[in-house]
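Beneath this line is the structure, given in structure tokens, with notes to follow.
Every chain is numbered from 1, with letters handed out A, B, ... down the list of sequences. The shown structure was predicted, so the numbers you read here are calculated from the model rather than taken from an experiment.
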There are 2 protein chains.
Amino acid sequence: MFVPPDTVSNEMLVDSYNEHSIQWNEKNKEAIERGELEAREQSSASFIEKASGIKSRYFMDGKGPTEVGRMYPYLSKLAPEDNMGTPAQVRMAYEAAMGALEEAGLTGEDIDMVIISASIWERFIPSMATELQSLLKAKGFAFDMSMACSSATFGISTATDAIKSGMANKALVVTAEYLSPLLNFESRDNHFIFGDAAVAAVLEREDETASKSAFRINSRKLFTEFSTNIQAGFGSRALVERDKIGDPSQRFNQHGRQVFRELLPKVIELVKGHLKATGRTVEDFKRFWLHQANINMNVYATKKLLGREPNQEDAPIILDEFANTAGAGCMIAFHKYKDDFKAGELGMICSFGASYSIGCFEVERV
Amino acid sequence: MFVPPDTVSNEMLVDSYNEHSIQWNEKNKEAIERGELEAREQSSASFIEKASGIKSRYFMDGKGPTEVGRMYPYLSKLAPEDNMGTPAQVRMAYEAAMGALEEAGLTGEDIDMVIISASIWERFIPSMATELQSLLKAKGFAFDMSMACSSATFGISTATDAIKSGMANKALVVTAEYLSPLLNFESRDNHFIFGDAAVAAVLEREDETASKSAFRINSRKLFTEFSTNIQAGFGSRALVERDKIGDPSQRFNQHGRQVFRELLPKVIELVKGHLKATGRTVEDFKRFWLHQANINMNVYATKKLLGREPNQEDAPIILDEFANTAGAGCMIAFHKYKDDFKAGELGMICSFGASYSIGCFEVERV
């Protein structure tokens, strides 16, 4: 995995948000008094931690989001001079990929399929995955895909299909979540939610693996159902409505309570259905590596599944350090909490979030 | 397939480009005289046709690109009021999907996998494919992917893998190319190249198909190799460098001669290699549905393959009407030139273009 260079605590974010809000309220005093604008409320580091489990996050650039006069990122130190160079997101992907290749005992030249699956992209053409393929000297083919918070699970499933059907032999799937440009640091309800990070996975046939820490994917289940409760307006329309590139509507907006209420029952139903379909019970599983959006969501879901209060061994939380890293979250949890698995032990990776999307894998340490 | 509402001929594009250039040269006269800027040269409708085979193209909005004071699209008539509504690109995809479902004798409810694979996207979150899935009342799961000019072939291959591995039963792959926001209508070398269009394909197991015009995919070959000879800088970086959203670097730029020189030998080598690997010769094929970027590229490639001058039956050209529709091109050619196939007759679909990417399928009328 790749951890971005800048650490930003709740306190740092809240300090700049609060100061910015005071200035904004002052600047818009008359409109607020006339009832045309709503005064911005103050944020609180302790409330954020209580409501979400988040204490800190990593950003590619932490200066911009905490600069009262700016409130959005600068280019990162990994960014090329202009938008013709290697995207910072590809650099993130490369670093994560190198770690995954090392753990798999492979080099880039062993790979013949490269996917970058991420919530938001720094470039479309040429595809970022093709540039990563080139940097790694990988063979075969590459492409980019996206499924919001399930970007990693959907990407891994797609590569698994390609290997099963014989189109690829060894695949690399990288979820490089460079989310900070898409975040609204002026929104009290949204400014603290996300962080940047990249994770990578190597997929290969079991009889070919040289890895000493491999897991087998025993079964998979993917699901999507349209919702706009997590939405960002950014896309090619910004090239037509050029004066709106700075608008809040371009950036993430999340109706957290609706998501909690609507999505969690679907997650629990899908996991239970998948267990039933595969002849498993929750007791068969040593661990659930869940999507990392909100600690209360994860505790609620795990409790519903296990029928008891979960602990860090049952369903590890990495939100405190990383915040919500969209597609990367469940895989960061997996990466950090898998080394104690013994051959034959089962775990479940489960992403859930925007779109809505859910992706669940049963994995077994080989 | 879906054909956008506005037809724009070479003459219409050239008239506005030329008038705009005269005004631009006049406005920048002093800087041009000082050698700081290069005077913009005039374009020519007949030269465009001779150099590319393109006579016309369809746009979601034809007014903006031909308005001398603007030179980039307005929102299309299919666009939602703001960037929170159903993207115009999803509307395009829906129309194309309905046609494909009808031809397959299916409804949306029969589908359990939806992919939108397109060069550029109007939205990331929630995924456009999930909204299409919802509009079609399709089941299962959906996601978006992208591989420039090979978006359709890579998308179809990805769905084929999912069906083969049992993750999906019936898949819908839509390549909705809404390229016009990404085009630089102020560049003489680029303003005429592209058009908008959407195509859709239904994939299912042969023993399940009710279609009377189905083709079997006998074999597939995908290939990518990084190149910046076709590039567009647009992506999430625009949210950080907000003042650059109107810059030419955001938009398509193509070094056509290098692409011709570098990519075509790779295409010919890949096709020949694939024929060899599958025990075929070119004589086994009734038709080649090639990527539609430039008539001279297609004539050159087909001549190299067939060893003779190709005709419209060998390798149909739809460039005259549609221009380059990126990922959609080879599938538009397939759609329009497949009805004369008899059971057992073979054809080859071959995309090639930006990234670089190549995607070739041997298909057989069943």
**OP:** Could you tell me which portion of B/Ala238 (side chain, backbone, both or neither) has an atom closer than 4.5 angstrom to a non-hydrogen atom of chain A?
**Re:** both
Original post:
Would one find more than 12 heavy atoms of other residues, nucleotides or ligands at under 6.0 Å from atom CD of A/Glu262?
Top reply: yes
**OP:** Flag the pair B/Phe143 / A/Phe143 as yes when their ring centroid distance falls below 6.0 Å, and as no otherwise.
**Re:** no
Original post:
Based on non-hydrogen pairs under 4.5 Å, which of A/Ala129, A/Ser165, A/Ser236 is most in contact with chain B?
Top reply: A/Ser236
Subject >> Interchain contact, B/Gln231 with chain A, by part (heavy-atom threshold 4.5 Å) >> reply: both
**OP:** Quick one: which of B/Arg70, B/Met113, B/Glu241 has the most heavy-atom pairs under 4.5 Å with chain A, could you say?
**Re:** B/Glu241
**OP:** Please flag which part of B/Ser157 lies under 4.5 Å from any non-hydrogen atom of chain A: side chain, backbone, both or neither.
**Re:** side chain
Original post:
Is it true that the NZ or CZ of B/Arg237 lies under 6.0 Å from the centre of A/Tyr178's six-membered ring and within 45 degrees of the ring axis?
Top reply: no
Original post:
Rounded to the nearest 0.5 Å, how far apart are CG of A/Leu239 and CG of B/Asn184?
Top reply: 11.0 Å
**OP:** Answer yes or no: are there more than 12 heavy-atom neighbours, outside A/Gln258 itself, under 6.0 Å from its atom CD?
**Re:** yes
Original post:
Between atom CZ of A/Phe226 and atom OG1 of B/Thr86, what is the distance when rounded to the nearest 0.5 Å?
Top reply: 6.0 Å
Subject >> Top of A/Gln89, A/Arg251, A/Lys221, A/Met84 for chain B proximity - count of heavy-atom pairs under 4.5 angstrom >> reply: A/Met84
Original post:
Atom CD1 of A/Ile125 and atom CG of B/Leu182: how far apart are they, to the nearest 0.5 Å?
Top reply: 5.5 Å
Subject >> Gap separating the CZ atom of B/Phe141 from the OG atom of A/Ser355, nearest 0.5 angstrom >> reply: 13.5 Å
Original post:
A/Tyr72, A/Phe154, A/Phe252, A/Tyr356: which one forms the most heavy-atom pairs within less than 4.5 Å of chain B?
Top reply: A/Tyr72
**OP:** Decide yes or no on side chain to side chain contact (heavy atoms under 4.5 Å, CB included) for B/Met147 and A/Thr130, but give the supporting numbers first.
**Re:** CA-CA 9 Å; B/Met147 182 30 89; A/Thr130 312; 3.3 Å; yes
**OP:** Kindly indicate whether the side chain of A/Met145, heavy atoms from C-beta on, has any atom under 4.5 Å from the side chain of B/Asp144.
**Re:** no
**OP:** Supply the atom-to-atom distance A/Glu131 CD to B/Ser227 OG, rounded to the nearest 0.5 angstrom.
**Re:** 10.5 Å
Original post:
How far does CG of A/Asp112 sit from CZ of B/Phe223, to the nearest 0.5 angstrom?
Top reply: 12.5 Å
**OP:** Measure centre to centre between the rings of B/Phe234 and A/Phe234, then say whether the value is under 6.0 Å.
**Re:** yes
Subject >> Criterion side-chain hydrogen bond (donor to acceptor under 3.5 Å, both in side chains) on A/Gln133 and B/Thr224, from CA distance to verdict >> reply: CA-CA 9 Å; A/Gln133 176 195 20; B/Thr224 53; 2.6 Å; yes
Subject >> For chain A, the option from B/Gln250, B/Lys139, B/Lys164 that forms the most heavy-atom pairs under 4.5 Å >> reply: B/Gln250
**OP:** Check each atom of B/Tyr74 against the heavy atoms of chain A and say whether the ones under 4.5 Å are side chain, backbone, both or neither.
**Re:** backbone
Subject >> Top of A/Gly85, A/Ser119, A/Ala138, A/Ala79 for chain B proximity - count of heavy-atom pairs under 4.5 angstrom >> reply: A/Ser119
Subject >> Choice from B/Gly353, B/Ser249, B/Gly246 maximising heavy atom contacts with chain A below 4.5 Å >> reply: B/Ser249
Subject >> Between A/Ser134, A/Ala232, A/Ser117, A/Gly64, the one whose heavy-atom pairs under 4.5 Å with chain B are most numerous >> reply: A/Ala232
**OP:** Look at B/Ala142, B/Ala354, B/Ala148, B/Ala162 and state which one has the largest set of heavy-atom pairs under 4.5 Å with chain A.
**Re:** B/Ala142
